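Since this is a predicted model, take the numbers as computed values, not measurements.
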Amino acid sequence: MTGEKKPIIQLHNIVKRFYIGQPNELEILHGIDLEVYEGEFVAIVGESGSGKSTLMNIIGALDKPTEGSYILDGIDITAAPDSALSSLRCRKIGFVFQTFNLIARTSAVKNVELPMLYGGVSGAKRTARARQLLELVGMEQRMGHQPNELSGGQKQRVAIARAMANDPAVLLADEPTGALDSATGRVVMDLFHKLHKEQGKTILLITHSQELAAECQRIITIRDGRIIHEAKGGRGA
């Protein structure tokens, strides 16, 4: 599937250490090489302590590697000043978290507008796009509801709409069904498949679930800070 597609994520020899130079220096990632191409749906699988959360933070430009290079949609993240990272995250990455991270006492439509507010989009355009995205995720009847008036699955759908707000290059979903029951989790995964198929979104799913990973096109297994296996998933095309 990579024939005419360009790489969106290029990680080369990514090393991450903490407590650098101290007696208790700890190396979490030991030379990760990974490319993700435009329009791919990729799962990164690993148990707790495997290093997948550290890797996610680097891919999400929430942290920088100690060594190695990271190119995100043509931009060298490792060379970017820290002051530029928040703007890059806002424009290039849509985050979906296990805990939803919605703003309390704020309507669904205003939650979805928030990344566009930071992105400098005008008020009328923000509201129109937020409404459009909430319709896309099946939340058109709940636009004025606050998070405490929504179920877990509804909150996650609002969070996915918010992640799409600035039309990011990558959707980064960290255990997005972890706080949901299996039926609601199924709805959320179906929504990711819809965004992948109909919107052509590049999606990275961080999960410990082999069952969810098997639905993706490609499965990257990480253990002890190294990629130990790569395989095609059930929808590998």
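- Grouped with I20 in a hydrophobic cluster is no other residue, since no side-chain heavy-atom contact under 4.5 Å to another Ile, Leu, Val, Met, Phe, Trp or Tyr is found.
- Residues passing the side chain to side chain contact (heavy atoms under 4.5 Å, CB included) test with P81 are S83, A84, sequence neighbours excluded.
- Legend: residues meeting side chain to side chain contact (heavy atoms under 4.5 Å, CB included) with T207, ordered by chain and number and at least two apart, are V45, E175, L205, S209, L212, A213.
- Residue Y118 is found in a hydrophobic cluster whose other members, listed by chain and number, are I103, L114, L117; membership requires side-chain heavy atoms under 4.5 Å apart, directly or through intermediates.
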Would you list the atom pairs, donor with acceptor, under 3.5 Å between side chains in residues 176-185 and any protein atom, with sequence neighbours excluded?
residue, atom, partner, partner atom, Å
D181, OD1, A183, N, 3.1
D181, OD1, T184, N, 2.8
D181, OD1, T184, OG1, 3.0
D181, OD2, T184, OG1, 3.1

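- Remark: K197 NZ is loosely packed, at most 12 non-hydrogen atoms of other residues, nucleotides or ligands lying under 6.0 Å away.
- Between atom CD1 of residue I222 and atom NZ of residue K52 there is a gap of 9.0 Å, rounded to the nearest 0.5 Å.
- Using a 4.5 Å heavy-atom threshold, the side chains of K64 and T78 count as separate.
- Residues passing the side chain to side chain donor-acceptor pair (under 3.5 Å) test with Q156: none are found, sequence neighbours excluded.
- Rounding to the nearest 0.5 Å gives a distance of 9.0 Å between CD of Q217 and CD1 of I203.
- Residues passing the side chain to side chain donor-acceptor pair (under 3.5 Å) test with E47, sequence neighbours excluded: none.
- In terms of the ring pair (Phe, Tyr, Trp, His ring centres under 6.0 Å) criterion, F100 has no residue partners (sequence neighbours excluded).
- Between the NZ atom of K16 and the OG1 atom of T66 there is a distance of 4.5 Å, given to the nearest 0.5 Å.
- The salt bridge (Lys or Arg N to Asp or Glu O under 4.0 Å) search around E67 returns R17, not counting sequence neighbours.
- When the side chain to side chain contact (heavy atoms under 4.5 Å, CB included) test is applied to Q199, the partners found at least two apart in sequence or on another chain are L136, M164, L195, K201.
- For residues 111-140, the pairs satisfying salt bridge (charged side-chain N to carboxylate O under 4.0 Å, His left out) are K110-E113, E113-R126, with sequence neighbours left out.
- Pairs of residues two or more places apart, or lying in two chains, never qualify as salt bridge (charged side-chain N to carboxylate O under 4.0 Å, His left out) while including a residue from residues 93-108.
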